[in-house]
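None of the values given here were measured: they were computed from a predicted structure.
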Amino acid sequence: MKKSIVQLSFTLIASAFLLLQSCVEADGLATPNVASPVLVLLQGSTFPSTARVEVTSTVLELDKTNILDHTKGIDSIPVSNLVLRVFINATNEVGTVTTGSDGKASLSVSWADLGLTAARSGSQVRLEFAGMHKNLSFRKYHTVRVQ
């Protein structure tokens with residue numbers, strides 16, 4: 001009986017020690033995780049090998065002031081005069097577009113501009129649309145494919 005009480009006590013003390021050690025606060029993430037300041041919608045993903053790649057972007061700022069009022073909800077406000085830089089391979093810039101008053105901008109490039117000199121069916125390229133709004137940087141990834 002005395003032996004089982006000692007074992008139970010030891011188990012409780014060890015469990016309490018491990019529980020206290022597991023509750024140590026971390027300093028923070030190595031890379032801060034911040035929500036994008038805008039909503040970026042991209043249209044156009046599959047194109048013939050002989051055609052130009054045409055991707056239309058729509059950039060909206062979400063006003064969440066009335067999020068709890070079911071009669072109003074979230075408002076989508078177009079972001080005008082926003083410069084979007086378009087990259088491939090994270091560092092090769094292939095174009096720059098600026099949104100109009102409706103929050104839309106269009107990118108038109110050839111497959112050769114995207115690094116595909118001989119565009120074949122099934123080939124694909126990942127585009128990165130990057131910008132800054134209200135001093136917050138953001139990136140939106142989009143894949144385009146050859147038909």
Student: Could you go through residues 44-56 and list every donor-acceptor pair under 3.5 Å that involves a side-chain atom there, pairing it with any protein atom two or more places apart or in another chain?
Tutor:
unit_1, atom_1, unit_2, atom_2, d
R52, NE, S108, OG, 3.0
R52, NH2, S108, O, 2.9
E54, OE2, S108, OG, 2.8

Student: Going by the rule side-chain hydrogen bond (donor to acceptor under 3.5 Å, both in side chains), which residues pair with K134 if we only count those two or more places apart in sequence or in a different chain?
Tutor: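 Expected list: E61.
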
Student: Nearest 0.5 Å, what's the CG-CZ distance between L82 and F129?
Tutor: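 Here the rounded value is 12.0 Å.
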
Student: Evaluate the criterion side chain to side chain contact (heavy atoms under 4.5 Å, CB included) for residue pair N92 and F87; output intermediate values, then yes/no.
Tutor: CA-CA 5 Å; N92 299 337; F87 296 91; 5.9 Å; no

Student: Under the side chain to side chain contact (heavy atoms under 4.5 Å, CB included) rule, what do T96 and V86 come out as? Steps first, then yes or no, please.
Tutor: CA-CA 6 Å; T96 302; V86 184; over 6 Å; no

Student: S110: which residues meet the side-chain hydrogen bond (donor to acceptor under 3.5 Å, both in side chains) condition with it, sequence neighbours left out?
Tutor: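 Checked S110 against side-chain hydrogen bond (donor to acceptor under 3.5 Å, both in side chains); matches are D113.
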
Student: I'd like to know whether K140 forms a side chain to side chain contact (heavy atoms under 4.5 Å, CB included) with L42, so could you lay out the CA-CA distance, the side-chain angles of the two residues, the decisive distance to 0.1 Å, and finally the verdict.
Tutor: CA-CA 9 Å; K140 175 73 176 189; L42 299 169; 3.6 Å; yes

Student: Any luck finding a side-chain donor-acceptor pair between D63 and T65 under 3.5 Å?
Tutor: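 A pair is found: one side chain offers a donor N or O, the other an acceptor, under 3.5 Å apart.
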
Student: Please walk me through it: do L60 and T58 pass side chain to side chain contact (heavy atoms under 4.5 Å, CB included)?
Tutor: CA-CA 7 Å; L60 304 168; T58 305; 4.2 Å; yes

Student: With R85, which residues qualify under salt bridge (Lys or Arg N to Asp or Glu O under 4.0 Å), at least two apart?
Tutor: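 Result, salt bridge (Lys or Arg N to Asp or Glu O under 4.0 Å) vs R85: E93.
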
Student: If you define the side chain from C-beta out and look only at heavy atoms, does anything of W111 sit under 4.5 Å from V146?
Tutor: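 In short, these two side chains touch, coming nearer than 4.5 Å.
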
Student: When the side chains of residues 69-79 are checked against the rest of the protein, which donor-acceptor pairs come out under 3.5 Å, sequence neighbours left out?
Tutor:
unit_1, atom_1, unit_2, atom_2, d
D69, OD1, T71, N, 3.1
D69, OD1, T71, OG1, 2.6
D69, OD2, T71, OG1, 3.3

Student: Do any pairs count as a side-chain hydrogen bond (donor to acceptor under 3.5 Å, both in side chains) and have a residue in residues 121-130, sequence neighbours left out, and if so which ones?
Tutor: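 Passing the test, one end in residues 121-130: Q124-R145, R126-E128, E128-R139.
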
Student: Heavy-atom distance under 4.5 Å between the side chains of L127 and L114, does that happen here?
Tutor: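 L127 vs L114: side chains touch.
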
